[in-house]
Amino acid sequence: MKHRIRLLVLSFSIAMTLAFTTVALAADSAWGEDGAINSINLSSNGDIRQPSLALNSNNQAMVAWSNLGEQTGSTRGIYMAQAQTGATPVALAATGTQEAWAPNLAYRGTQLYATWMQGTLASINQVGAVMQQDVGLGAAKTVMTPTYGETSPKLLVGEDRLHIFFASAISRPQFSQAHLYYSNRPYSAAQWLAPIIIITNAQVSPTPGYGGIWHPQAALSNNKQTVHLIWEQAGGTLDVRSVWYKQGQWQATLNSFAWGTPTRLSPTDQMGVRPKITVDGADRVHITWVEQQFVPNPIDPTKRVTLQYINYRRLEGGQWTPGLSQAGMRLDTQPVQVNTYRPTWSTISMDALGDTVCVAWHGYRGDPGESGVEEILLRCSKDGGKRWNTLVTNASQTTGLSFFPSLRLGSNGQVYLAWEEHQGGLVYTTNYDAIFRQGPVPREKVYLPLTLREFRP
């Protein structure tokens with residue numbers, strides 16, 4: 001008699017993600033499973049804000065942040081530390097009785113350059129000066145003063161000079177109506193050229209006569225002759241925002257860029273905020289932004305919940321992918337939420353090297369209205385943005401609130417990441433430290449579904 005033998009056979013299949021598709025998953029992959037090191041607390045101060053990470057040509061990382069000094073009553077200054085265990089933070093520059101915030105670091109080889117804001121810090125209605133320093137090579141330089149509004153300068157390392165972009169209003173009462181400014185300084189020059197307005201506050205606004213520019217970002221082409229510029233544009237109200245792009249070609253005779261026509265990247269029916277930009281080794285331009293959707297709070301229908309998606313577009317050979325007539329690609333089909341303590345919007349960081357592009361953002365998973373703990377999430381592409389890792393990676397893996405990622409890619413294949421982490425307690429407006437972690441670009445994951453098959457010998 002023949003006996004029916006039932007065997008369980010594992011059917012192996014590799015889940016491939018095609019271009020412009022994502023897979024919704026119940027859980028994110030842990031970066032530690034890919035070999036990421038344990039997180040390092042760089043500040044141990046308990047009152048830091050806005051970390052900025054830069055990587056030199058030897059793959060050595062430096063992280064800067066804004067925090068109070070060690071003495072009671074001291075003003076908020078800029079501190080920095082090597083991203084390694086046991087590093088001692090040092091003050092970047094003496095600010096006297098003024099506050100300092102919004103640091104931004106950049107390397108040219110092993111020479112570190114820094115910029116920050118200095119003045120009176122008061123929510124988004126700030127008054128300050130854009131400062132810049134060649135670290136270790138003399139005193140800080142004033143790029144422009146005064147500035148008004150939520151100014152956060154972006155520093156770029158060019159071929160023979162530094163470039164800087166920032167937004168500022170012309171008076172404190174008009175803090176929400178900022179223009180976009182540009183300046184540059186040859187490495188050999190002592191001072192910056194007088195900043196000029198390259199885009200006015202309402203130039204692309206849907207409401208004539210009103211608008212404001214927020215959080216401009218920029219990236220240079222590989223030959224340093226083309227700059228790719230993006231910004232967040234406020235329309236008739238602060239609740240109507242969109243993402244815009246403009247390209248500039250360097251003109252040596254003008255000591256500036258010749259600018260092209262502005263292009264809207266976020267759809268007209270979408271709230272698009274906090275864009276970021278990078279350029280890879282093939283001069284492909286990669287742009288991300290936060291798409292916000294507002295839905296009723298199931299727990300309290302009188303209130304609304306903000307669901308936030310990370311959108312992506314790529315400019316390659318003069319063509320946008322996805323096309324501008326389409327919505328941006330969502331790097332994750334699952335939205336994140338952000339708590340109501342601080343901040344209330346997700347924030348992105350991204351970088352590219354060779355054909356690899358990585359994007360980090362913060363938020364937590366959950367049904368609309370549910371509370372949660374923000375993590376730093378990470379997703380990468382190894383072919384210039386055409387295909388992306390099937391899984392989103394939890395890069396922070398902590399129990400505290402994790403905000404404001406700052407990410408760089410090293411030539412050694414490592415991802416370097418800094419962020420702001422809550423250190424415990426019931427007060428969520430303070431007690432944050434600068435945290436650093438590094439690890440390899442996350443691997444593609446393999447699904448191993450279990451299949452029952454019946455064999456009859």
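Residues: numbered from 1 along the sequence shown.
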Main-chain N/O of [Y] paired with [X] side-chain donor or acceptor, under 3.5 Å:
X    : Y    : answer
N339 : T344 : no
S396 : E375 : no
S183 : L193 : yes
Y187 : R161 : yes
S66  : A100 : yes
Q177 : N201 : no
N184 : N255 : yes
N223 : Q225 : yes
T278 : M350 : no
S29  : T393 : no

Qualifying side-chain hydrogen bond (donor to acceptor under 3.5 Å, both in side chains) pairs with a residue from residues 127-136, counting only residues at least two apart or across chains:
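Found Q132-D134, Q132-R185, Q132-W192, D134-R185.
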Kindly write out the residues that satisfy side-chain hydrogen bond (donor to acceptor under 3.5 Å, both in side chains) with [X], not counting sequence neighbours, or none if the list is empty.
X    : result
Y416 : N412
Q414 : Q438
Q60  : N56
Q326 : none

State yes or no: are the ring centers of [X] and [Y] separated by less than 6.0 Å?
X    : Y    : answer
W250 : H163 : yes
F404 : W419 : no
F175 : Y148 : no

Which pairs, with at least one residue in residues 320-362 and sequence neighbours excluded, count as a disulfide bond (SG atoms under 2.5 Å apart)?
C358-C380
Using the six-membered ring wherever Trp is involved, compare the ring planes of F257 and W259 and label them parallel, tilted or perpendicular (cut-offs 30° and 60°).
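Tilted, since the angle between the ring planes falls between 30° and 60°.
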Not counting sequence neighbours, which residues clear side-chain contact (heavy atoms from CB on, under 4.5 Å) with D160? List them please.
none
All salt bridge (Lys or Arg N to Asp or Glu O under 4.0 Å) counterparts of [X], not counting sequence neighbours:
X    : value
E291 : R330
E420 : R342
D283 : none
D351 : none

Find out whether the Lys NZ or Arg CZ of R76 is both under 6.0 angstrom from the six-membered ring centre of W101 and within 45° of the ring's axis.
no
If you look at every heavy atom in [X] and [Y], which pair is closest and at what distance?
X    : Y    : value
V243 : S266 : N-OG, 2.9 Å
I213 : T200 : CD1-O, 3.6 Å
S406 : P51  : CB-O, 3.7 Å

Whether K386 and E316 form a salt bridge (side-chain N of Lys/Arg under 4.0 Å from carboxylate O of Asp/Glu) is what I want to check.
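Yes, this pair counts.
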Begin from the C-alpha positions of Q308 and S346 and carry the test side chain to side chain donor-acceptor pair (under 3.5 Å) through to its verdict.
CA-CA 7 Å; Q308 308 192 57; S346 185; 5.1 Å; no
Solution key, residues 112-121 side-chain donor-acceptor pairs under 3.5 Å, sequence neighbours excluded:
unit_1, atom_1, unit_2, atom_2, d
T115, OG1, M131, O, 2.6
W116, NE1, Q118, OE1, 3.0
Q118, NE2, Q98, OE1, 2.9

